[in-house]
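Here the structure is a predicted model, which means the values were calculated and not measured. When a residue number appears, it is its place in the shown sequence, counting from 1.
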Amino acid sequence: MHFNYFRFNTEQPAIRINLADSQYQIQKALDELGLKLVEGTLHISRTTFQFYSEEKFTENMVLQLNKALLKQNSIKQLCHSFGAKKIRQNDEEAPPFVKDEGFTAYAIIHEIDVVGPGFVLAEMEFVAKNDVDILFSDTDYQFFDELEAGPLRNAIAAYRSFGIQSREFQLAKLDYLITLPCTAGNCYFPDNSYHFYQLGKFYLADVCIDNPDFFSRKMDTGYEVFRDIPENGVILLTHNIILSGSALLHMESVTLPLEQLFSLVPLDRSQSKNSISAPLKAFSPTSVFDEADVCNVGQALLVLLKNAGNVEGFFDFGLPNALNRRYFPQSNVIAAAIQGLFTTQAAPPTTIILSHWHTDHINLALQVTGSWSLDWYVPGGFSTPTITKINGLIRTHGGALHLLLPGAAMPNFGVHLNIHKISTPGSSHPHANGIFAEMTLPTGNTIMLAGDCIYSAVFAAKNLPTYTYLQATHHGGCYSQTATTQNPAHIPAPNPAPAVSQVIYSYSTPNTHHHPSNVADHTHQGWGNTLHTPAAPALPAPPNVNGYALQ
């Protein structure tokens with residue numbers, strides 16, 4: 001596959017141009033040329049458009065594309081009004097749309113894995129720099145009156161009137177950011193020099209395409225499209241980015257305004273400021289929670305919280321991320337089954353409890369539209385473009401997002417389900433600042449749902465001394481902040497009856513993290529009776545997925 005990035009040759013501010021406007025018909029021009037575009041990969045921004053093609057784009061093809069576009073009166077007028085000087089003179093040496101060998105984006109690094117000696121894998125997300133900077137450019141404000149009505153105009157107006165930290169701007173910018181394409185993927189580095197990256201921080205990344213001599217650092221080659229998901233007119237793409245000859249440089253940490261732009265906003269259906277000073281309530285007041293189903297969702301986590309066979313909510317809402325999606329081709333089947341719960345059950349689900357914001361614990365929200373109107377209980381302190389998109393989808397579809405910060409009152413879910421917020425001073429890692437859940441079933445059996453929370457923090461905060469069932473944290477992987485500080489004694493203890501107590505490892509076979517890698521420590525702590533989601537049987541419908549019913 002070949003990545004193609006075109007920009008409109010202009011010196012005008014991006015606010016005055018919008019190639020995504022239907023009048024410019026860029027998709028039509030590409031189709032008329034008979035180009036073999038990878039379906040769903042065309043992204044049109046205000047001054048750029050990009051797509052993947054099965055064949056390499058030659059100089060002649062670039063010329064033909066420009067000729068096809070210039071047949072349209074709307075493109076001719078655009079060039080006359082805003083194009084560079086040579087374009088207005090119809091100089092063919094300066095075509096209106098230039099194919100660039102590189103582009104600049106904002107990136108966030110989710111995870112870093114050392115997958116071999118001198119070989120590092122980084123999962124990251126990209127969002128176009130120009131699409132974000134347009135919110136804050138003072139130069140563009142003089143052209144504000146020219147901007148078409150819509151989410152961008154509303155967001156800029158709120159920023160100018162109320163400021164970046166205002167609730168008015170934070171809510172308005174969600175409506176705009178939800179319209180932006182967000183590309184996620186992974187890059188391979190040939191050494192360990194990128195360990196200075198801080199998780200949860202944004203960076204300015206210059207990406208060079210198909211030019212292995214442009215930078216000294218070379219990445220691995222190849223490209224694979226994982227999915228394109230159109231939902232209600234919103235296209236969310238996830239790609240595995242391993243571009244031939246690509247390189248990242250200029251990985252400077254970006255502070256304001258980007259750090260505040262990509263931040264969670266507490267939402268409620270009345271759009272008033274959400275209070276977390278008093279216990280919050282969700283679920284039905286009569287919920288008993290007599291079962292928890294740990295589903296087989298590959299290298300991810302999804303737990304169904306059930307009452308008399310009815311799925312009332314979820315603990316985590318994950319599908320594999322771009323690193324591991326290839327190992328779990330059933331992802332779309334799982335998403336369809338969960339979406340079906342909102343129409344097949346007499347009482348649809350109401351609540352999602354999120355252990356933390358890593359993509360393998362939230363990816364279902366990109367496909368399951370029913371989740372956008374639910375009550376979400378989530379930890380604060382970490383955000384990415386994808387998280388901001390989900391936040392925006394919740395905002396625009398009537399859902400509620402409750403941020404649980406250190407010291408906040410926990411919601412009141414009744415006697416059968418409790419959640420706890422952990423916090424670790426000196427660490428911003430989501431695993432050290434997440435949420436875990438405890439369940440006490442009518443049978444007397446107890447369940448620990450750890451998500452990816454580090455056990456030492458769980459050990460300090462837990463109420464119950466032993467558990468019948470344990471969902472092994474971090475898919476059976478590292479369970480402390482660093483491998484050197486892991487202590488098997490911090491692993492929650494099993495119920496004294498070894499024939500009853502079971503530990504569940506949720507992962508895919510294979511996976512890039514080599515999980516579960518700490519089975520021996522769990523066994524040492526008494527968890528010898530194991531359940532592995534890759535071998536899980538079919539659960540009773542609904543939904544039609546595999547997993548383990550804990551009762």
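- Side chains of Phe8 and Phe82 form a contact here, defined as non-hydrogen atoms less than 4.5 Å apart.
- Remark: Arg153 engages no residue in a side chain to side chain donor-acceptor pair (under 3.5 Å) (not counting sequence neighbours).
- Between the side chains of Gln27 and Asp31, a donor-acceptor pair is found at a separation under 3.5 Å.
- You'll find the ring centres of His475 and His513 outside the 6.0 Å limit.
- Listed by chain and number, the residues in a side chain to side chain donor-acceptor pair (under 3.5 Å) with Glu146 are Arg16 (sequence neighbours excluded).
- Every residue was checked against the side chain to side chain donor-acceptor pair (under 3.5 Å) condition with Thr48, not counting sequence neighbours, and none meets it.
- Counting only distance, with no hydrogens or angles, the side chain of Lys389 and the backbone of Ile178 share a donor-acceptor pair below 3.5 Å.
- Taking the six-membered ring where the residue is Trp, the centroids of Phe262 and Phe202 are separated by under 6.0 Å.
- A search for ring-ring contact (aromatic ring centres under 6.0 Å, His included) contacts involving Tyr159 returns Phe136, Phe169, not counting sequence neighbours.
- Met61 has its side chain within reach of Glu55: a pair of non-hydrogen atoms, C-beta onward, lies under 4.5 Å apart.
- Remark: side-chain polar atoms of Asn511 are not paired, donor with acceptor, to backbone N or O of Gln299 under 3.5 angstrom.
- Residues meeting the side chain to side chain donor-acceptor pair (under 3.5 Å) test with Asn391, sequence neighbours left out: none.
- Within the 4.5 Å cutoff, no side-chain heavy atoms of Tyr176 are placed close to those of Asn154.
- Side-chain atoms of Asn363 come within 3.5 Å of backbone atoms of Pro320 as a donor-acceptor pair (strictly under, hydrogens ignored).
- Without hydrogens or angle criteria, Arg46 side chain to Ala14 main chain gives a donor-acceptor distance under 3.5 Å.
- Under the 3.5 Å distance criterion, with hydrogens and angles disregarded, a donor-acceptor pair is assigned to the side chains of His361 and Asp316.
- Residues Phe315 and Ile352 are not in side-chain contact: their nearest non-hydrogen atoms beyond the backbone lie 4.5 Å or more apart.
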Note to self: For a side chain to side chain contact (heavy atoms under 4.5 Å, CB included) check, start with the C-alpha distance between Val265 and Leu401, then their side-chain angles and the critical distance, and finish with the verdict.
What the structure shows: CA-CA 8 Å; Val265 182; Leu401 186 80; 5.9 Å; no
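- Under the 4.5 Å side-chain criterion, counting only non-hydrogen atoms from C-beta, Gln23 is not in contact with Gln72.
- For the pair Ser161 (side chain) and Ala158 (backbone), a donor-acceptor distance under 3.5 Å is absent.
- To the nearest 0.5 angstrom, Ile26 atom CD1 is 4.5 Å from Ile44 atom CD1.
- Ser166 and Gln170 share no side-chain donor-acceptor pair at under 3.5 Å.
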Check: Is there a side chain to side chain contact (heavy atoms under 4.5 Å, CB included) between Leu147 and Leu152 once you walk through the steps?
Finding: CA-CA 8 Å; Leu147 188 61; Leu152 177 58; 3.9 Å; yes
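- Among pairs with a residue in residues 68-81, none fulfils salt bridge (charged side-chain N to carboxylate O under 4.0 Å, His left out), at least two apart in sequence or across chains.
- Under a 3.5 Å cut-off, the side chain of Gln50 and the backbone N or O of Phe6 do not form any donor-acceptor pair.
- No option in Thr359, Thr512, Asn324 other than Thr359 meets the side chain to side chain donor-acceptor pair (under 3.5 Å) test with Glu123.
- The shortest distance between side-chain heavy atoms of Thr388 and Lys173 falls below 4.5 Å.
- For Trp357 (side chain) and Ile362 (main-chain N/O), no donor-acceptor pair under 3.5 Å exists by modelled atom type.
- Looking only at side-chain heavy atoms (C-beta outward), Asn9 and Pro96 stay at 4.5 Å or farther from each other.
- For the residue pair Asp131 / Ser45, a side-chain donor-acceptor distance below 3.5 Å is found, with atom types taken as modelled.
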Check: Hey, mind stepping through Asp452 and His474 against side chain to side chain donor-acceptor pair (under 3.5 Å) and telling me if it holds?
Finding: CA-CA 4 Å; Asp452 281 4; His474 199 195; 4.5 Å; no
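- With hydrogens and angles left out, the side-chain atoms of Ser74 and Gln25 include no donor and acceptor closer than 3.5 Å.
- Under a cutoff of 6.0 Å and an axis angle of 45°, Arg160 and Phe144 form a cation-pi pair.
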Note to self: Pair Leu319, Gln367 - check side chain to side chain contact (heavy atoms under 4.5 Å, CB included), show working.
What the structure shows: CA-CA 10 Å; Leu319 282 176; Gln367 295 178 259; 3.4 Å; yes
Next item on the list: Could you go through the side chain to side chain contact (heavy atoms under 4.5 Å, CB included) check for Phe57 and Tyr5 one step at a time?
Entry: CA-CA 10 Å; Phe57 235 67; Tyr5 181 79; over 6 Å; no
Notebook entry, point to check: Please walk me through it: do His429 and His358 pass ring-ring contact (aromatic ring centres under 6.0 Å, His included)?
Noted result: CA-CA 10 Å; His429 198 287; His358 277 159; 5.8 Å; yes
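- Looking at heavy atoms from C-beta onward, Val303 lies out of side-chain contact with Phe314 at the 4.5 angstrom threshold.
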